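Below you'll find the structure, written out as structure tokens, and then a few comments.
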Amino acid sequence: MEVMEKIFKVSELIGTDIRSRSNAEIIRRAIDGVKGEIVLDFSGVSFISRSFTDELCAIMEQSDKIRLSGMTDFVKSMIETVASGRTRKRERHKEDSEMKEFKDIESLSEFLRTI
């Protein structure tokens with residue numbers, strides 16, 4: 001049995017300058033229910049934002065049948081950067097800071113002159 005491949009031209013679905021996380025939903029709807037391999041062709045796409053790419057990575061993590069093609073160096077780099085960032089655990093560093101209270105604007109001004 002031959003595996004069918006469905007190609008989606010991202011520039012036709014969304015555009016060539018993709019800046020919104022919500023644009024990934026267009027891809028999600030387009031590929032929903034597709035049987036076989038899915039190719040997202042980024043030919044003609046010059047920019048993708050970090051937020052869009054993060055959502056795209058989430059979609060790709062849900063399916064092992066999605067392949068990307070036609071990426072510029074920028075698009076490929078953004079996808080690689082965001083994908084690698086998603087595999088590392090985020091570390092939150094606790095900041096030790098002291099809360100200062102001031103009774104009026106003059107006492108605040110005096111404090112600001114000392115720093």
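The residues of the chain are indexed from 1 along the displayed sequence. Both backbone and side-chain heavy atoms feed into the values below; hydrogens, waters and symmetry mates do not. As the structure is a prediction and not an experimental result, all values here were calculated from the model.
Here C57 contributes atom SG and E80 contributes atom CD; the two are 10.5 Å apart, rounded to the nearest 0.5 Å. Here K76 contributes atom NZ and L68 contributes atom CG; the two are 10.5 Å apart, rounded to the nearest 0.5 Å. A distance of 8.5 Å separates CD1 of I18 from OG1 of T53, quoted to the nearest 0.5 Å. The distance from atom CG of N23 to atom CZ of R19, rounded to the nearest 0.5 Å, is 11.0 Å.
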Give the intermediate values and the outcome of side chain to side chain contact (heavy atoms under 4.5 Å, CB included) for residues I66 and I31. CA-CA 9 Å; I66 299 173; I31 67 173; 3.7 Å; yes
Please report the C-alpha distance between K35 and K6 in whole Å, then the side-chain angles of each, then the deciding distance to 0.1 Å, and finally whether the side chain to side chain contact (heavy atoms under 4.5 Å, CB included) criterion is met. CA-CA 8 Å; K35 306 288 187 233; K6 176 81 170 149; over 6 Å; no
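A distance-only check finds no donor-acceptor pair linking the side chain of S63 to the backbone of M60 [under 3.5 Å].
Checked for salt-bridge contact, E55 and R21 meet the test: a charged N lies under 4.0 Å from a carboxylate O.
Sorted by first and then second residue, the ring-ring contact (aromatic ring centres under 6.0 Å, His included) pairs involving residues 43-62 (not counting sequence neighbours) are F47-F74.
Closest heavy-atom contact between G44 and T16: O-CG2, 3.1 Å. Nearest heavy atom pair, residue L56 against residue A24, reads N-CB, 4.1 Å. Between S49 and S20, the shortest heavy-atom contact is OG-N, 3.9 Å.
At least one side-chain heavy atom of I48 sits under 4.5 Å from a side-chain heavy atom of I79. Counting heavy atoms from C-beta outward, T72 and V45 have side chains that stay 4.5 Å or more apart. Residues I38 and F8 form a side-chain contact, since some pair of their non-hydrogen atoms from C-beta on lies under 4.5 Å apart. Using a 4.5 Å cut-off on side-chain heavy atoms (C-beta onward), D41 and V10 make no contact. Residues E110 and L108 are not in side-chain contact: their nearest non-hydrogen atoms beyond the backbone lie 4.5 Å or more apart. The side-chain heavy atoms of E5 and R67, taken from C-beta on, include a pair separated by under 4.5 Å. Between R113 and S109, the closest side-chain pair of non-hydrogen atoms falls below 4.5 Å. Here the side chains of V34 and M4 are not in contact, with every heavy-atom distance at 4.5 Å or above.
Both I115 and I105 sit in one connected hydrophobic cluster of ILVMFWY residues. Membership requires side-chain heavy atoms under 4.5 Å apart, directly or through other members.
At least one test fails for K100 against the ring of F102: distance under 6.0 Å to the centre or angle within 45° of the axis.
Summarising the local packing, CG of D73 is surrounded by 12 or fewer heavy atoms from other residues, nucleotides or ligands at distances under 6.0 Å. Taking a 6.0 Å sphere around CZ of R50, one finds it holds 12 or fewer heavy atoms contributed by other residues, nucleotides or ligands.
Residue I7 is found in a hydrophobic cluster whose other members, listed by chain and number, are V39; membership requires side-chain heavy atoms under 4.5 Å apart, directly or through intermediates.
In this model, no donor atom of one side chain and acceptor atom of the other lie less than 3.5 Å apart for D54 and S51.
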